[in-house]
Amino acid sequence: MKAYDIVIIGGGPAGLAAAVSAKNSGADSILILERDKELGGILNQCIHNGFGLHTFKEELTGPEYAARYIKQVLDLGIEYKLHTMVMDISHEKVVTAMNREEGMFTIQAKAVILAMGCRERSRGALNIPGYRPAGIYSAGTAQRLVNREGFMPGREVVILGSGDIGLIMARRMTFEGAKVKVVAELMPYSGGLKRNIVQCLDDYGIPLKLSHTVVEIRGKERLTGITIAEVDKKGKPIPGTEEDYDCDTLLLSVGLIPENELSRGAGVEMSPITSGPLVNESLETNIEGVFACGNVLHVHDLVDFVSEEAGAAGRNAAAFVRGERARAQGREIKLNPIEGVRYTVPSVIRPDQMDEKLTVRFRVGNVYKNCYISVYFDDERVSRRKRPVVAPGEMEEIKLEKEKLLSYPDLKTITVKIEEA
Amino acid sequence: MEKRELICIGCPLGCPVTVTMEEGQVVKVEGNTCKRGDDYARKEVTNPTRIVTSTVTVEGGKDVTVSVKTRSDVPKGKIFECVKSLKGIVVKAPVHIGDVIVANAADTGVDMIATSNVYEK
């Protein structure tokens, strides 16, 4: 069996940043396993701009952002295998993978970094009634077809869901000569970034209908049209509000789900809220030496934050391999997300293991205006930050300092919540 | 007097901003809650610009398309002309990030450049 200190599952933005950071932290024996034909992951099909403002202080397209990390991986001489599918990760960190050249093979890792990313929620998850004709795509599939394969999925388009990929594809397909008729969003607010609504819909006069969903799909061989209707507060269609649209293409942009089949198989404990692993301050799962970062951990809006998080996972994995992060016997402090805060990453902190400063990321469950993000150490409020608005579509963060946590030796729970101003 | 309604993209708040114009000059910006809203609104009504991104066909490469962008932002009214300037363009592999694909696209003075690397087959 081959052996590596650190095996990274996935060569997208998270895997690349984790590898670079692990190498720069002194780890030498690193292997990235990637199932696609190239490194870079989904960034390679995200040809629009807006990436890298935090990381590189300039606005790049997805392929340019990926290329900067790929160059670092190559310059540092980090090993990687393409066209390689990981089949299994065992509790003992034996990675089973296969590719055309080597067939099936196993690798013993000292540390594993999970960086598999996420998948799009599909039509099956939505229970839309009607036939199953050709012409219904997830927005990301359409993005791949247009940007990478050079195919147009259709000419007359309706988009269900206002996730960022759907908004980006509304503009992209308009550029390629398609007519995008409407974007329907079930929720009373958009799931995408405001900037994308303005620059991808408003710029081209594409209407966004909030509190609307698709109630009928027509066409047997190929999609011929759909019906949308307004929904009430419970998400139920309101009779009499139906509108018909003729179209040959329906794009679904209805959310992303972390891809954790391998994590589950290894026995990694999962969060029912994020559908990603539960991790501690080192981004380590319940299995010692198995770390997680990027969209496999929780879905991010900005790749810059994926890179930052993955960098921490890479550093921590390198430290683990050196034996510097022995499983602490010391106390654990639980993070307690309540009142508008849906989850936190990490979910538990061991103060003696944390960096001097730790970023805790989370999402809220609704739109809140003029509110405070408050942090309590047990019953004592230690900080609150005023926010003009927080929304489910935009990830939030708080920073914790090691020194401060150590000065509370009896601290059991850190509560994060939204408070009205 | 002409009024323009905008949504500020400076932050997630998305303030609805009303700009009052007189003879092409901004006379009043209302509805914004910070300075960024004022700046955004003034630029957006007097000289709105965008980066344009698309793809062109590649021959003899490991990929069949290469992604491109305008090197800097171009006037919003020139977006479709920039997209049209790419019509029928076929480049030969290899292509590298930064290679000029169309010089001076749609007379904007801005080049369209490659944003990905496509190596020879």
Side-chain angles (χ1 to χ4, degrees), chain A residues 37-38 40 43-51 59-68 70-71 143-151 168 171-172 174-177 189-190 192-204 301 364 367 369-370 387-396, chain B residues 5-17 32-34 36-37 40-41 44 48-59 61-73 76-77 79-87 90 95-98 112-119:
Chain A
K37 64 173 183 171
E38 63 198 339
L43 283 173
N44 289 320
Q45 69 182 53
C46 298
I47 63 160
H48 53 281
N49 61 309
F51 302 88
E59 204 170 339
L60 304 171
T61 62
E64 290 172 305
Y65 188 97
R68 295 213 177 175
I70 293 168
K71 183 169 187 309
Q143 188 178 46
R144 183 177 178 93
L145 289 173
V146 176
N147 292 346
R148 302 281 294 161
E149 318 283 343
F151 292 117
I168 294 286
R171 173 176 64 187
R172 183 73 188 107
T174 303
F175 280 1
E176 294 297 330
Y189 49 82
S190 164
L193 299 171
K194 189 66 81 183
R195 138 196 197 104
N196 284 335
I197 297 191
V198 171
Q199 299 202 345
C200 300
L201 300 186
D202 296 355
D203 274 5
Y204 305 98
D301 333 307
V364 297
V367 178
K369 287 192 175 166
N370 284 319
R387 301 282 281 120
V389 70
V390 293
E394 315 246 354
M395 191 181 281
E396 297 289 336
Chain B
E5 309 280 342
L6 305 171
I7 295 173
C8 178
I9 61 166
C11 83
L13 192 54
C15 293
V17 182
N32 57 305
T33 47
C34 75
R36 277 189 296 177
Y40 170 76
E44 191 61 18
T49 60
R50 301 286 187 265
I51 300 265
V52 179
T53 63
S54 188
T55 55
V56 298
T57 303
V58 181
E59 268 178 2
K62 286 187 173 173
D63 297 300
V64 294
T65 62
V66 61
S67 52
V68 299
K69 70 173 182 184
T70 52
R71 193 193 295 273
S72 59
D73 44 358
K76 195 178 150 190
I79 291 175
F80 276 99
E81 282 178 67
C82 285
V83 172
K84 278 196 187 116
S85 76
L86 298 170
K87 197 175 162 80
V90 179
V95 190
H96 297 101
I97 291 177
M112 302 238 20
I113 59 171
T115 58
S116 48
N117 297 314
V118 179
Y119 302 103

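In what follows, chains are A, B, ... by sequence order, proteins preceding strands, each numbered from 1.
Listed for the A/Glu394 side chain is no donor-acceptor partner under 3.5 Å among the backbone atoms of A/Ala391.
Using a 4.5 Å cut-off between heavy atoms, A/Tyr204 contacts chain B through its side chain alone, with no backbone atom that close. In this structure, the portion of B/Tyr40 lying under 4.5 Å from any heavy atom of chain A is its side chain and not its backbone. Contacts of B/Ile79 with chain A are made by side-chain atoms alone, with heavy-atom separations under 4.5 Å and no backbone atom involved. Heavy atoms of A/Val146 lying under 4.5 Å from chain B belong exclusively to its backbone. Contacts of B/Lys62 with chain A are made by backbone atoms alone, with heavy-atom separations under 4.5 Å and no side-chain atom involved. B/Ile97 touches chain A through its side chain: at least one heavy atom from C-beta onward sits under 4.5 Å away, while N, CA, C and O do not.
Using a 4.5 Å heavy-atom cutoff, the side chains of B/Glu44 and B/Cys8 are not in contact.
Taking the six-membered ring where the residue is Trp, A/Phe51 and A/Tyr65 present tilted rings, their angle falling between 30° and 60°.
Residues satisfying the side chain to side chain contact (heavy atoms under 4.5 Å, CB included) test with B/Ala114, not counting sequence neighbours, are B/Val66, B/Val95, B/Asp99, B/Ile101. Considering only residues two or more places apart in sequence or on other chains, A/Lys37 meets the side chain to side chain contact (heavy atoms under 4.5 Å, CB included) condition with A/His83, A/Arg148, B/Asp63.
By number of non-hydrogen pairs under 4.5 angstrom with chain B, the leading residue of A/Gln45, A/Arg172, A/His48 is A/Arg172.
Using a cut-off of 4.0 Å between Lys/Arg side-chain N and Asp/Glu carboxylate O, B/Arg50 and A/Asp203 are scored as salt-bridged.
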